[in-house]
Protein chains: 2
Amino acid sequence: MRMTVYTDYALRTLLYLGVHADRRVSIREVAEAYGISENHLVKVIHHLGRGGFIDTLRGRNGGLMLGRAPEDICIGDVVRHTEEDMALVACMAPSMPGEKRQAGAGCLLAGGCHLRGVLGEAMGAFMAVLDRQTLADLLRPYERRVLTQAAQNVEAAPAP
Amino acid sequence: MRMTVYTDYALRTLLYLGVHADRRVSIREVAEAYGISENHLVKVIHHLGRGGFIDTLRGRNGGLMLGRAPEDICIGDVVRHTEEDMALVACMAPSMPGEKRQAGAGCLLAGGCHLRGVLGEAMGAFMAVLDRQTLADLLRPYERRVLTQAAQNVEAAPAP
DNA sequence: CTTAAAGATGTATATTTCACACACCTTATT
DNA sequence: AATAAGGTGTGTGAAATATACATCTTTAAG
């Protein structure tokens, strides 16, 4: 179990695309908007593209846009997609064949380890919260404000 | 947010001490029982000791024992103690002064980032599950079996 | 059909974090 | 004093992360 900036970038990219749903956005624009590494973001975005969360288009006038409606993008799915071991409690992996743990008399708790069960349950509760949320839920509170702000930006800095 | 073997060792140590509550146990014994590094376990145990979860005694006939009754040892507290950033959603830390994120036009979502809220809620759900569990809950299912097994071990391998 | 813009991909590197080893100190019992 | 136990600090190897760099492919504009 883990949460890295990789997932952070993924979620922020989706939010950015949701806010600017009226056009295609370049990777560079997203990177600059958040002040993060463009090179790294490329991989995140590619990964999101292969997962169907975003639609990428190469070439001139290409760019990114959401692959589905915000209502159909479940935050839990995104996290599961970007954090590989979110589906299982791998971090605590005990009593797996071939592991050091096997030494000695073996795990005292093997054969029904409650630790695993409790941690699994906690993990489930974590994901359940994220599964209840869609991108649309995250976008809703900002819709008005951000759109206004975007309009201002367009006025202030016309397309180069 | 993160779960490491550090916490794994901590929980297993507590379980071991709970099972062998009739006597003091040495660090070496715990390390050998699980086949893990004694050197590393020393630090985990020391940390648990400073947190009051276990009682350590130096010198001859010294060793470890639970610092409180198993019913009074909350699993959530243990995890919070061993995983430093469990109390907050530090991994996603956005819009903190001095961070790179500040570049460009600043975080579009600053001033009420819902990402933070949702992740915080998910985190809360995770910890809530662990907060409902005490060490006694984890020990209960094994009490009979493990004690029996321990007795057998004593018969099979008398003290060296 | 050439060129430029945009994403795709592979390799390399820098940093951080773990897990662990090693050496040495302190405490307490015998 | 000697010995057995925990306490403490430093160092290290491996792995995971985040990022940089270089190059290729696709697409549309001119």
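Since this is a predicted model, take the numbers as computed values, not measurements. Quick note on labels: first sequence line is chain A, next is B, and so on, each numbered from 1. For the numbers below, each heavy atom of this structure counts, side chains included, while hydrogens, waters and symmetry mates do not.
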N or O in side chain of B/Thr4 less than 4.0 angstrom from C/dT17 OP1/OP2: no
Length of the CZ-C1' vector between A/Arg60 and C/dC1, whole Å: 14 Å
Check nucleotides 13-16 of chain D for protein N or O atoms closer than 3.5 Å to its own N or O atoms and list the pairs.
| residue | atom | partner | partner atom | Å |
| --- | --- | --- | --- | --- |
| D/dA16 | O3' | A/Arg2 | NH1 | 3.4 |

Atom-to-atom span, CD of B/Glu38 to P of D/dG7 - whole angstrom: 12 Å
Out of C/dA21, C/dT29, D/dA28, whichever nucleotide has its closest atom nearest the side chain of A/Asn61: D/dA28
Separation of atom CG in A/Asp8 from atom C1' in D/dA18, rounded to whole Å: 13 Å
Flag, side chain of B/Tyr34 to backbone of B/Arg12, donor-acceptor distance under 3.5 Å: yes
Distance in angstrom units between B/Leu41 CG and C/dC20 P, rounded: 10 Å
Protein-nucleotide distance (B/Leu64, atom CG; C/dT27, atom P), rounded to Å: 18 Å
For atom CD of B/Glu29 and atom C1' of D/dG6, their distance in whole Å: 15 Å
Ring pair (Phe, Tyr, Trp, His ring centres under 6.0 Å) pairs, two or more places apart, involving residues 59-79 of chain B: none
Minimum side-chain heavy-atom gap B/Leu66-B/Pro70 below 4.5 Å: yes
Value in whole Å for how far the P atom of C/dA6 lies from CG of A/Asn39: 16 Å
Cationic N near anionic O, under 4.0 Å, B/Glu71 to B/Arg140: no
Beyond-backbone contact of B/Arg24 with B/Glu29, side-chain heavy atoms, under 4.5 angstrom: no
Any pair counted as salt bridge (charged side-chain N to carboxylate O under 4.0 Å, His left out), so long as it reaches residues 38-50 of chain B, sequence neighbours left out: B/Arg28-B/Glu38
Value in whole Å for how far the P atom of C/dT9 lies from NE2 of A/His40: 17 Å
side-chain contact (heavy atoms from CB on, under 4.5 Å) assessment of A/Met65 paired with A/Ile54: CA-CA 6 Å; A/Met65 54 183 292; A/Ile54 65 179; over 6 Å; no
A/Asp131: side-chain hydrogen bond (donor to acceptor under 3.5 Å, both in side chains) partners, not counting sequence neighbours: A/Arg80
Which residues share a ring-ring contact (aromatic ring centres under 6.0 Å, His included) with B/His46, sequence neighbours left out: none
Options C/dA4, D/dA20, D/dG6, nucleotide nearest the side-chain atoms of B/Ile27: D/dG6
Stretch residues 42-59 of chain A: residues that reach within less than 4.0 Å of DNA chain D through a heavy atom: A/Lys43, A/Arg58, A/Gly59
